[in-house]
Amino acid sequence: YVLRITLTTWFKTTTYKDLTVTKSSGRAPSVNPIQFPSAIRRGISNVFKVLAFSPKCSAGETREALSYVWSLSTKLSNGSVSTISSTQSTLFVAKNTLSFVNKYNVSVTVTTQTSGISTTVASTFTVERTAPIAVISGGTFRKVKSGNLTVSAASSVDPDFRSSIQYLS
């Protein structure tokens with residue numbers, strides 16, 4: 001089925017969005033879209049989550065336990081595919097694992113453990129760059145009566161660099 005959701009403002013402008021609904025065979029788990037971190041960055045750990053429920057048909061019936069299979073993949077410049085997998089309910093990606101130049105595909109398959117029926121949701125993302133952190137020795141305010149003024153920003157850092165602290169030159 002296709003449901004068309006129409007929104008009309010009091011200015012008489014209208015927009016719509018189509019929502020495709022399919023009837024599942026069996027008792028597939030209900031899985032919401034993947035929840036992304038507010039900003040996906042290279043220099044920090046990233047956690048991806050999904051909200052899933054097993055079906056429950058009648059009162060008093062307990063829900064089936066669910067299992068998860070996550071896949072995070074990207075195509076590398078040499079044509080090979082790099083993949084991270086997990087069977088946890090959330091996907092944890094350690095800092096400095098992701099690259100700026102790649103587009104990533106992330107998916108999770110949620111399966112009911114008793115009946116073996118599954119639902120998969122997927123999405124794509126790219127990694128955002130973090131702005132360098134400027135550190136000016138001696139602070140940001142100086143009084144100079146005469147002579148030379150020396151300013152150093154040698155302690156400034158690039159949070160996206162692989163090591164824990166990368167000083168900029």
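Only heavy atoms go into these numbers, but all of them, side chains included; no hydrogens, no water, no symmetry mates.
- The side-chain contact (heavy atoms from CB on, under 4.5 Å) search around N102 returns T74, L76, S99, Y104, not counting sequence neighbours.
- Atoms OG and CZ, on S123 and F48 in that order, are 9.5 Å from each other to the nearest 0.5 Å.
- For Q88, the side-chain contact (heavy atoms from CB on, under 4.5 Å) partners two or more places apart in sequence, or in a different chain, are S86.
- Under the side-chain contact (heavy atoms from CB on, under 4.5 Å) criterion, T124 pairs with K103, N105, not counting sequence neighbours.
- In this structure, the side-chain contact (heavy atoms from CB on, under 4.5 Å) partners of V47, at least two apart in sequence or on a different chain, are K49, T90, F92.
- When side chains are defined from C-beta on, V106 counts as touching L91, because their heavy atoms get closer than 4.5 Å.
- Taking the side chain as every heavy atom from C-beta outward, T15 and T6 never approach each other to under 4.5 Å.
- The shortest non-hydrogen separation linking R41 to R129 is NH1-O, 3.1 Å.
- Atom CH2 of W70 is separated from atom OG of S85 by 12.0 Å, given to the nearest 0.5 angstrom.
- Smallest separation of non-hydrogen atoms from A28 and T119: CB-OG1, 3.6 Å.
- Smallest separation of non-hydrogen atoms from S67 and Q113: CB-NE2, 3.6 Å.
- A continuous path of hydrophobic side-chain contacts links V108 to I84 [ILVMFWY only; heavy atoms under 4.5 Å].
- In the hydrophobic clustering of this structure, V69 does not group with L72; members are Ile, Leu, Val, Met, Phe, Trp, Tyr whose side-chain heavy atoms approach within less than 4.5 Å, directly or through other members.
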Side chains of residues 32-39: which donor-acceptor partners sit under 3.5 Å, not counting sequence neighbours?
none

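- The shortest distance between side-chain heavy atoms of L66 and T112 falls below 4.5 Å.
- Connectivity analysis of hydrophobic side chains (ILVMFWY, heavy atoms under 4.5 Å, direct or indirect) links F53 to L51.
- Taking 4.5 Å as the limit, every side-chain heavy atom of T111 sits out of range of all side-chain heavy atoms of Y68.
- For the residue pair S73 and T83, no side-chain donor N or O sits within less than 3.5 Å of a side-chain acceptor on the partner.
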